[in-house]
Amino acid sequence: MSFSPQLIALGEYLAGEFDNREQAIAEPIWYVHLRLWQRPVNLFSEDSITLFAEQANIVNLEQPYRQRIIRLQHGSDLDAPLQVQYYMLQDPGAFKGAGHNPDLLNTLTPDQLDLLPGCILTVNQETTAPNSYKFAATQLPDTCCSFTYLGNSVQVSLGFEATAVEFYSYDKGIDPASGKATWGAILGPYRYTKRGQY
């Protein structure tokens, strides 16, 4: 299957090593200084571009967390021709540290993943210059991204914006009882700058 220039660009924009150093220095009370890795993986390559994502506190890089698989593909909606599907690793510990040690990902197979049915985003794009885009990914209306992790029920609100040099994460944890955000981008997005391209 041939991929559109927009899907290829989205994959390139998301792939890389990022941090939010400037934001963490400017607003240390609200934003932890994080490193984010988003590495291409050879999964679902017949119709998708797929990434492994992981992040860590900059002062504790050997303890990364929030591993996830992000599958970018063409959607069926002409108004939002791209979509993002999230997956969870069945054994996150087996791939802990793969953000900075990508050899760990060589053994990753689709049967080691759990599809997260409600965790899907539609992606809109704005052309900012020839072959240059700004992407905005948002959850579908009336969907709930929830799953069980380490025996606990987890609900998250997902979203991002991406350009060639910046990645803004709107992800937050949601308390299912109150509907209020409990962690993540509570006061606005985590504003990452790309430090290296994968």
Side-chain angles (χ1 to χ4, degrees), residues 10-25 28 30-45 48-73 84-116 119-121 137 145-162 164-174 182-186 189-198:
L10 179 60
E12 289 175 351
Y13 290 6
L14 295 185
E17 185 172 318
F18 304 79
D19 73 32
N20 67 324
R21 179 173 60 232
E22 292 83 2
Q23 179 183 45
I25 290 169
W30 302 113
Y31 294 96
V32 175
H33 187 180
L34 298 176
R35 175 82 43 84
L36 171 67
W37 298 270
Q38 295 188 142
R39 288 196 175 271
V41 289
N42 191 26
L43 297 175
F44 313 115
S45 54
S48 314
I49 296 169
T50 305
L51 303 163
F52 166 85
E54 184 175 58
Q55 65 195 51
N57 188 313
I58 206 81
V59 299
N60 207 5
L61 290 175
E62 68 282 354
Q63 291 296 324
Y65 60 95
R66 257 198 103 213
Q67 294 98 337
R68 55 214 177 271
I69 297 295
I70 305 169
R71 182 179 182 183
L72 316 174
Q73 55 196 143
V84 179
Q85 172 69 64
Y86 286 78
Y87 294 76
M88 184 169 67
L89 296 162
Q90 293 171 357
D91 182 8
F95 299 95
K96 187 174 183 177
H100 60 83
N101 183 11
D103 290 346
L104 292 172
L105 298 171
N106 293 338
T107 60
L108 183 61
T109 60
D111 59 4
Q112 295 171 296
L113 308 177
D114 286 331
L115 175 70
L116 301 175
C119 305
I120 190 165
L121 307 177
C145 179
S146 61
F147 50 91
T148 301
Y149 178 67
L150 299 177
N152 298 314
S153 178
V154 177
Q155 183 176 332
V156 294
S157 171
L158 300 170
F160 66 78
E161 294 178 0
V165 295
E166 292 182 315
F167 176 78
Y168 284 15
S169 172
Y170 290 86
D171 295 359
K172 11 183 209 294
I174 303 296
T182 57
W183 56 261
I186 296 172
Y190 271 76
R191 300 190 300 270
Y192 292 98
T193 300
K194 183 174 284 192
R195 307 299 181 187
Q197 177 71 44
Y198 297 148

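What you see is a predicted model; the values in this text were computed from it and never measured. Counting begins at 1 with the first residue of the sequence.
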Inset, instruction - In sequence, state the C-alpha distance, the side-chain angles, and the governing distance for Gln90 and Gln112, and then conclude on side-chain hydrogen bond (donor to acceptor under 3.5 Å, both in side chains). - result: CA-CA 6 Å; Gln90 293 171 357; Gln112 295 171 296; over 6 Å; no
Inset, instruction - Run the numbers on Glu17 and Tyr198 for side-chain hydrogen bond (donor to acceptor under 3.5 Å, both in side chains), then give the verdict. - result: CA-CA 8 Å; Glu17 185 172 318; Tyr198 297 148; 3.0 Å; yes
Legend entry - Derivation of the salt bridge (Lys or Arg N to Asp or Glu O under 4.0 Å) call for Arg35 and Glu62: CA-CA 11 Å; Arg35 175 82 43 84; Glu62 68 282 354; over 6 Å; no
Inset, instruction - Assess whether side chain to side chain contact (heavy atoms under 4.5 Å, CB included) is satisfied between Glu166 and Arg191, documenting all intermediate values. - result: CA-CA 7 Å; Glu166 292 182 315; Arg191 300 190 300 270; over 6 Å; no
Inset, instruction - List the steps and the verdict of side chain to side chain contact (heavy atoms under 4.5 Å, CB included) for Phe147 and Met88. - result: CA-CA 9 Å; Phe147 50 91; Met88 184 169 67; 3.6 Å; yes
Inset, instruction - Before giving the answer on side chain to side chain contact (heavy atoms under 4.5 Å, CB included), spell out for Leu10 and Ile49 the whole-Å C-alpha distance, their side-chain angles and the decisive distance to 0.1 Å. - result: CA-CA 9 Å; Leu10 179 60; Ile49 296 169; over 6 Å; no
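Contact record, Ala185 with Ser169: CB-O, 3.5 Å, taken as the closest heavy-atom pair. Minimum interatomic distance between Gly99 and Phe52 (heavy atoms only, all atoms of both residues): N-CE2, 3.6 Å. Nearest heavy-atom pair, Gly97 versus Pro64, reported as atom, atom and distance to 0.1 Å: N-CG, 3.5 Å. Nearest heavy-atom pair across Ala137 and Leu121 is CB-CD1, 3.7 Å. Pairing each heavy atom of Ser48 with each of Arg71, the nearest pair is OG-NE, 2.7 Å.
The line from CG of Leu89 to NZ of Lys96 is 13.0 Å long, rounded to the nearest 0.5 Å. In this structure, CG in Leu51 is found 15.0 Å from CH2 in Trp37, a value given to the nearest 0.5 Å. Of the inter-residue distances, the one linking Leu14 atom CG with Lys194 atom NZ reads 7.5 Å to the nearest 0.5 angstrom. For the atom pair CG (Asn57) and CG (Leu34), the distance works out to 6.0 Å, reported to the nearest 0.5 Å. A distance of 6.5 Å separates CD in Glu54 from NE2 in His100, rounded to the nearest 0.5 Å. Rounded to the nearest 0.5 Å, atoms CG (Leu108) and CG (Leu113) are 5.5 Å apart.
In this structure, the side chains of Arg21 and Thr193 stay at 4.5 Å or more apart for every pair of heavy atoms. Here the side chains of His33 and Val59 are not in contact, with every heavy-atom distance at 4.5 Å or above. Counting only heavy atoms from C-beta outward, the side chains of Tyr190 and Asp171 never approach each other to under 4.5 Å.
Applying the 6.0 Å contact sphere to CH2 of Trp30 captures no more than 12 heavy atoms from other residues, nucleotides or ligands. Heavy-atom neighbours of Asn60 CG from other residues, nucleotides or ligands within 6.0 Å: above the threshold of 12.
Considering Ile120, Leu72, Leu158 in turn, Leu72 is the only one that fulfils the side chain to side chain contact (heavy atoms under 4.5 Å, CB included) rule with Val84.
Side chain of Gln67 to main chain of Ala53: no donor-acceptor pair is present (N/O by atom type, distance under 3.5 Å, no hydrogens or angles). Using modelled atom types, one side-chain atom of Gln23 and one backbone atom of Pro189 make a donor-acceptor pair closer than 3.5 Å.
Residues Phe44 and Tyr87 place their aromatic rings such that the two centres sit under 6.0 Å apart. Aromatic ring centres of Phe167 and Phe160: separated by under 6.0 Å.
Tyr86 does not carry Arg68 over the face of its six-membered ring by the limits of under 6.0 Å from the centre and within 45° of the normal.
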